[in-house]
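Structure, as structure tokens:
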Amino acid sequence: MARDPQAVSRQLCGFLRAEILAAGIAFDDATPLSQLGVDSLSIVELLLFIERRFGVGVPESRLTHANLQSVSALARCVCDVASGGAPEAESP
């Protein structure tokens with residue numbers, strides 16, 4: 001189960017390096033995903049990885065700009081969903 005945001009973040013960074021980003025792109029878990037060129041297809045791949053690796057389905061209501069800002073933000077979201085955290089309110 002995904003409970004440790006730092007551990008989840010490390011695994012998400014590893015997945016991005018191995019499967020999505022071009023070789024040699026330097027980033028850390030605080031780098032904005034948009035700065036890395038992560039697009040909607042890449043987000044879908046990340047979400048599928050999260051489901052396979054952690055057994056957590058991130059609800060569409062949680063796919064907010066804030067939660068998709070960086071790997072660390074997404075990792076915190078995954079851990080919150082895994083622990084049964086309340087859904088975030090939708091933005092206007």
Side-chain angles (χ1 to χ4, degrees):
M1 197 70 127
R3 305 249 176 189
D4 176 10
Q6 291 178 335
V8 172
S9 185
R10 282 191 298 274
Q11 291 185 48
L12 293 178
C13 284
F15 177 76
L16 282 168
R17 283 186 182 97
E19 303 295 330
I20 294 179
L21 301 177
I25 293 180
F27 73 99
D28 63 26
D29 66 349
T31 304
L33 292 176
S34 60
Q35 183 178 323
L36 297 174
V38 172
D39 60 11
S40 58
L41 180 58
S42 300
I43 296 295
V44 170
E45 289 182 49
L46 266 172
L47 294 172
L48 290 172
F49 171 76
I50 289 165
E51 286 184 29
R52 286 189 309 269
R53 178 66 183 99
F54 304 110
V56 175
V58 179
E60 191 173 330
S61 65
R62 301 299 292 267
L63 300 178
T64 63
H65 176 72
N67 287 340
L68 296 174
Q69 181 66 25
S70 65
V71 170
S72 62
L74 182 56
R76 286 189 304 272
C77 174
V78 168
C79 292
D80 190 44
V81 170
S83 66
E88 292 180 2
E90 300 238 354
S91 304

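Along the sequence shown, residues carry numbers from 1. Just so it is clear, the model here is predicted, and its values are computed rather than measured.
Every side chain to side chain contact (heavy atoms under 4.5 Å, CB included) that Ser34 has, sequence neighbours left out, goes to Pro32. Residues that satisfy the side chain to side chain contact (heavy atoms under 4.5 Å, CB included) test with Leu68, not counting sequence neighbours, are Ile43, Leu63, Leu74. For Ala7, the side chain to side chain contact (heavy atoms under 4.5 Å, CB included) partners are Asp4, Arg10, not counting sequence neighbours. Taking the side chain to side chain donor-acceptor pair (under 3.5 Å) definition, one finds that Gln69 meets it with His65, sequence neighbours left out.
Closest approach of Thr31 and Ser70 over heavy atoms only: O-CB, 3.6 Å. Heavy-atom minimum distance, Arg3 versus Cys79: C-SG, 3.7 Å. Heavy-atom minimum distance, Ala73 versus Ala66: CB-O, 3.3 Å. Considering every non-hydrogen atom in both Val56 and Val81, the closest pair reads CG1-CG1, 3.6 Å. Contact between Thr64 and Ser61 at its shortest, heavy atoms only, is CG2-O, 3.6 Å.
In this structure, Arg53 CZ and Gln11 CD are separated by 4.0 Å, a value rounded to the nearest 0.5 Å. For the atom pair CG of Leu16 and CG of Leu33, the computed distance is 6.5 Å after rounding to the nearest 0.5 Å. With rounding to the nearest 0.5 angstrom, the OG atom of Ser72 is 8.0 Å from the CG atom of Asp28.
If you chain together hydrophobic residues whose side chains sit under 4.5 Å apart, Leu48 and Val58 never meet in one group.
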Arg17 vs Leu21, test: side-chain contact (heavy atoms from CB on, under 4.5 Å). Steps then yes/no. CA-CA 5 Å; Arg17 283 186 182 97; Leu21 301 177; 5.5 Å; no

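Note on residues 5-32: pairs passing ring-ring contact (aromatic ring centres under 6.0 Å, His included), not counting sequence neighbours, are Phe15-Phe49.
Atom CD of Glu51 is surrounded by more than 12 heavy atoms from other residues, nucleotides or ligands within 6.0 Å.
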